[in-house]
Amino acid sequence: QVQLVESGGGLVQAGGSLRLSCAASGSITSIYAMAWYRQAPGKQRELVARIISGTNTNYADSVKGRFAISRDNAKNTVILQMNSLKPEDTAVYYCAALGVMSYGLMRGDYWGQGTQVTVSA
């Protein structure tokens, strides 16, 4: 019984910024990693950024230097700060909690419902 709630999507002009937030709730004792994926129309879903800890992150080449991922383990939240947005960043963005543990049991991976990000030229 794990749920992810996302917020922060919307419409912005090229060069602007958005901050996406995602909070996991339920019977959670630990989450191995949290991540953001995105899927543009007609394209396959791709990994945008993933975080295991503050010193262990990875990003898609297309967003390096522009996006920053962070997490708060105590609150089971993950943030994606998106700067210098480009029209090609337009997509549905999905939050993921990977390797969720609940009182000694591995519950697996959970996904948010997705939030639309649209960047106009």
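Values reported hereafter were calculated over all heavy atoms of this structure, with side chains retained and with hydrogens, waters and symmetry mates removed. Numbers here simply count residues along the sequence, with the first being 1. Everything numeric in this text was worked out from a predicted model, so none of it was measured.
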Student: Within this structure, what is the CG-CE distance for the pair Leu80 and Met34, rounded to the nearest 0.5 Å?
Tutor: 12.0 Å

Student: Verify the cluster assignment for Val63 and Val12: are they in a single hydrophobic cluster under the rule of side-chain heavy atoms below 4.5 Å apart?
Tutor: yes

Student: When rounded to the nearest 0.5 angstrom, what is the spacing between OG1 in Thr118 and CG in Leu18?
Tutor: 9.5 Å

Student: Does anything in residues 66-75 form a salt bridge (charged side-chain N to carboxylate O under 4.0 Å, His left out)? List the pairs, not counting sequence neighbours.
Tutor: Arg66-Asp89

Student: If two hydrophobic side chains count as joined below 4.5 Å and joins carry through other members, does Val78 share a cluster with Leu98?
Tutor: no

Student: In Å, rounded to the nearest 0.5 Å, how long is the span from CD of Gln39 to CD of Glu46?
Tutor: 9.5 Å

Student: side-chain contact (heavy atoms from CB on, under 4.5 Å), that's the test. Do Leu47 and Asn58 meet it? Break it down for me.
Tutor: CA-CA 9 Å; Leu47 176 68; Asn58 60 280; 3.4 Å; yes

Student: Do the side chains of Met82 and Ile79 join up, straight or via other hydrophobic residues, at under 4.5 Å, putting them in one cluster?
Tutor: no

Student: Tell me whether Gln113 at atom CD has more than 12 heavy atoms from other residues, nucleotides or ligands lying less than 6.0 Å away.
Tutor: yes

Student: Which pair of non-hydrogen atoms, one from Trp36 and one from Glu6, has the smallest distance, and what is that distance?
Tutor: CZ3-OE2, 3.6 Å

Student: Take atom CZ of Arg45 as the centre, draw a 6.0 Å sphere, and report whether it contains more than 12 heavy atoms from other residues, nucleotides or ligands.
Tutor: yes

Student: For the side chain of Thr29 and the backbone of Tyr103, is there at least one donor-acceptor N/O pair under 3.5 Å apart?
Tutor: yes

Student: Would Gln116 and Thr90 count as a side-chain contact (heavy atoms from CB on, under 4.5 Å) here? Give the steps.
Tutor: CA-CA 8 Å; Gln116 178 70 48; Thr90 296; 4.0 Å; yes

Student: How long is the straight-line distance from OG of Ser17 back to CZ of Phe67, given to the nearest 0.5 Å?
Tutor: 9.5 Å

Student: When rounded to the nearest 0.5 angstrom, what distance separates CE in Met101 from CZ in Arg107?
Tutor: 9.5 Å

Student: Determine, stepwise, if the pair Met106 / Tyr32 fulfils side-chain contact (heavy atoms from CB on, under 4.5 Å).
Tutor: CA-CA 11 Å; Met106 170 57 69; Tyr32 174 71; over 6 Å; no

Student: Going only through I, L, V, M, F, W and Y residues with side-chain contacts under 4.5 Å, is there a path from Val119 to Tyr59?
Tutor: yes

Student: Tell me whether Tyr110 shares a hydrophobic cluster with Ile69, the cluster being built from Ile, Leu, Val, Met, Phe, Trp, Tyr side chains joined at under 4.5 Å.
Tutor: yes

Student: List the atom of Leu4, the atom of Cys95, and the distance in Å for their closest heavy-atom pair.
Tutor: CD1-O, 3.6 Å

Student: Closest approach of Ile31 and Ala24, non-hydrogen atoms and distance?
Tutor: CD1-CB, 4.0 Å

Student: Roughly how far, to the nearest 0.5 Å, is OG of Ser62 from CD of Glu88?
Tutor: 8.5 Å

Student: Parallel, tilted or perpendicular for Trp111 and Tyr94, by the 30°/60° rule?
Tutor: perpendicular

